[in-house]
Protein chains: 2
Amino acid sequence: MARPQLRPTDAELAILRVLWERGASTVRQVHEALADTRETGYTTTLKLMQIMADKGLVTRNETARTHVYSAIAGEEQTQHQLVRDLVDRAFGGSAAQLVLRALSADGTTDAELREIRKLIDDYREKR
Amino acid sequence: MARPQLRPTDAELAILRVLWERGASTVRQVHEALADTRETGYTTTLKLMQIMADKGLVTRNETARTHVYSAIAGEEQTQHQLVRDLVDRAFGGSAAQLVLRALSADGTTDAELREIRKLIDDYREKR
DNA sequence: TGACATCTACGAATGATTTCGTATAGTCTC
DNA sequence: GAGACTATACGAAATCATTCGTAGATGTCA
């Protein structure tokens, strides 16, 4: 284990997403969940998850022969960190600009826009 | 020059941001603009910009001995692409979720929240 | 012209990321 | 228990991103 809180790489993020969705999982389970999108061998997934354990992105329970992995940071926390990172790197620190670009993404439906607006109102009230 | 539209790396994005702000610039100008944040040698910046020209991220005018570089993709287009990429990799395609995380970023001021809300209203009207 | 500064080109080292093959050991079934 | 299956560990290759040093060409100016 080493430094915590490092931007996860692409491959690591894909694995984290499986762990967030499924909860604690074995390498086999993660690998199968990724099979749709990735075409890599089992040992590749294994190696990545071992590295992630070294980095402190996941923990594993080694009680049984088949180890069981869990994400350490939660989904929200990691997403938050990734957004902040992108805001800093590409938007000069302006979250509003990022939101603007997000809105102009093709897939944004009107329902989604209303949802976002509601989120903002809720959020402002909480302050 | 090779494949266009590739996610720019961190160092590349920093250079692009200078080119967007200053417009067409020499390596020297870019390097000096980056001097505040980066502590790398001149030839590092040069090499990066040469690579970016290979990748098709920038073009350069070689008429004069001192080449003049320009970003090919605009700031908006690149930001859009980066956001979309992050939405896909970390938010399962939901731009709304990304916006939610952006809002809970520490630095988001109330003024910014109002601004974002206004952006959404404007954007909905445009539809 | 000669000394010096500045520019590009390019090779190469380094470190991180991703990938896989092989070795080794535990488990299961007949 | 033998053979098949499945797991971890680990070394190593391939690729990419970043960094810099050096060489050689060009420009400046006293």
Side-chain angles (χ1 to χ4, degrees), chain A residues 1-19 24-35 37-70 78 82 85-86 89-90, chain B residues 1-18 24-35 37-70 78 82 85 89-90:
Chain A
M1 212 186 303
R3 340 147 263 197
Q5 281 312 73
L6 202 67
R7 183 161 37 133
T9 67
D10 284 7
E12 287 168 350
L13 186 55
I15 289 170
L16 285 175
R17 281 171 57 74
V18 174
L19 292 179
S25 307
T26 66
V27 173
R28 176 68 56 192
Q29 288 167 333
V30 170
H31 183 246
E32 247 135 50
L34 291 175
T37 33
R38 303 207 152 235
E39 292 181 7
T40 58
Y42 170 81
T43 56
T44 300
T45 306
L46 169 66
K47 180 70 162 186
L48 280 169
M49 292 174 76
Q50 286 170 340
I51 290 171
M52 290 169 77
D54 275 355
K55 287 186 183 176
L57 289 171
V58 298
T59 30
R60 62 178 181 182
N61 182 332
E62 307 182 7
T63 309
R65 179 166 93 101
T66 302
H67 301 172
V68 178
Y69 289 75
S70 311
T78 304
L82 287 169
D85 176 76
L86 186 61
R89 281 187 302 118
Chain B
M1 212 185 304
R3 338 146 263 199
Q5 281 313 72
L6 201 67
R7 179 161 41 132
T9 66
D10 284 8
E12 287 168 351
L13 186 54
I15 289 171
L16 286 175
R17 281 169 58 72
V18 173
S25 307
T26 67
V27 174
R28 175 69 53 192
Q29 289 167 331
V30 170
H31 183 246
E32 247 136 51
L34 292 175
T37 34
R38 304 208 153 237
E39 292 181 7
T40 58
Y42 171 80
T43 56
T44 299
T45 306
L46 170 65
K47 180 71 161 185
L48 279 170
M49 292 175 75
Q50 287 171 340
I51 290 171
M52 290 169 77
D54 276 355
K55 288 186 182 175
L57 288 171
V58 299
T59 30
R60 60 179 183 182
N61 181 333
E62 307 182 7
T63 309
R65 179 165 93 101
T66 302
H67 301 172
V68 178
Y69 289 75
S70 312
T78 303
L82 287 169
D85 176 77
R89 281 187 303 119

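Just so we're on the same page: letters track the sequence lines, and every chain starts at 1.
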S.K.: Of the listed nucleotides (C:dC20, D:dA7, D:dA17), which one gets closest to any side-chain atom of A:T44?
M.R.: C:dC20

S.K.: Would you indicate whether A:E62, at its atom CD, is surrounded by more than 12 heavy atoms from other residues, nucleotides or ligands within a distance under 6.0 Å?
M.R.: yes

S.K.: Give the nucleotide from the list D:dA9, C:dC10, C:dT18 with an atom nearest to the side chain of A:I51.
M.R.: C:dT18

S.K.: Rounded to the Å, how far apart are B:H31 NE2 and C:dT6 P?
M.R.: 13 Å

S.K.: Say whether, by atom type as modelled, one donor and one acceptor occur between the side chain of A:R17 and the main chain of B:A90 under 3.5 angstrom.
M.R.: yes

S.K.: Looking at every strand, decide which applies to B:T43 at a 4.0 Å heavy-atom threshold: base, sugar-phosphate, or nothing.
M.R.: base

S.K.: Looking at C:dT18, C:dT8, D:dC20, which one has an atom nearest to any side-chain atom of A:A11?
M.R.: C:dT18

S.K.: Do any side-chain nitrogens or oxygens of A:R38 fall under 4.0 Å of OP1 or OP2 in C:dT18?
M.R.: no

S.K.: By nearest atom, which of the nucleotides D:dT22, C:dT18, D:dA9 is closest to the A:Q50 side chain?
M.R.: D:dA9

S.K.: Which whole-number value in Å describes the distance from B:L57 CG to D:dT18 P?
M.R.: 12 Å

S.K.: Mark yes or no for whether B:E32, through its side chain, and B:Q29, through its backbone, hold a donor-acceptor pair below 3.5 Å.
M.R.: no

S.K.: With the side chain of B:L46 defined as its heavy atoms from C-beta on, choose the nearest nucleotide among C:dA9, D:dA17, D:dT8.
M.R.: C:dA9

S.K.: Does A:Y42 have a side-chain nitrogen or oxygen under 4.0 Å from the phosphate oxygens OP1 or OP2 of D:dT8?
M.R.: yes

S.K.: Just compare D:dA9, C:dC7, D:dT8 and give me whichever is closest to any side-chain atom of A:R60.
M.R.: D:dA9

S.K.: To the nearest Å, give me how far apart NZ (A:K47) and P (D:dG11) are.
M.R.: 8 Å

S.K.: Between B:D10 and B:R38, is there a side-chain N and carboxylate O pair less than 4.0 Å apart?
M.R.: no

S.K.: Using atom NE2 of B:H67 as one end and atom P of C:dT6 as the other, report the distance to the nearest whole Å.
M.R.: 17 Å

S.K.: Does D:dT18 have OP1 or OP2 sitting under 4.0 Å from an N or O in the side chain of B:T9?
M.R.: yes

S.K.: On the side chain of B:R65, is there an atom forming a donor-acceptor pair with the base of C:dT8 - under 3.5 Å, no angle test?
M.R.: no

S.K.: Could you tell me how far apart A:N61 (CG) and D:dT8 (C1') are, to the nearest whole angstrom?
M.R.: 15 Å

S.K.: Under 3.5 Å, is there a donor-acceptor pair between the side chain of A:R89 and the main chain of B:A14?
M.R.: no

S.K.: Rounded to the Å, how far apart are B:D10 CG and C:dG15 P?
M.R.: 18 Å

S.K.: Mind calculating the distance between CE (B:M49) and C1' (C:dA9) to the nearest angstrom?
M.R.: 15 Å

S.K.: Less than 4.0 angstrom between a side-chain N/O of A:R28 and OP1 or OP2 of D:dA7, yes or no?
M.R.: yes

S.K.: For B:V27 and B:T66: C-alpha separation, side-chain torsions, deciding distance, then whether side-chain contact (heavy atoms from CB on, under 4.5 Å) applies.
M.R.: CA-CA 8 Å; B:V27 174; B:T66 302; over 6 Å; no

S.K.: In this structure, how many angstroms lie between the P atom of D:dC16 and the CG atom of B:L48, rounded?
M.R.: 16 Å

S.K.: Ignoring backbone atoms, establish whether B:K55 has a side-chain N or O less than 4.0 Å from OP1 or OP2 of D:dA17.
M.R.: yes

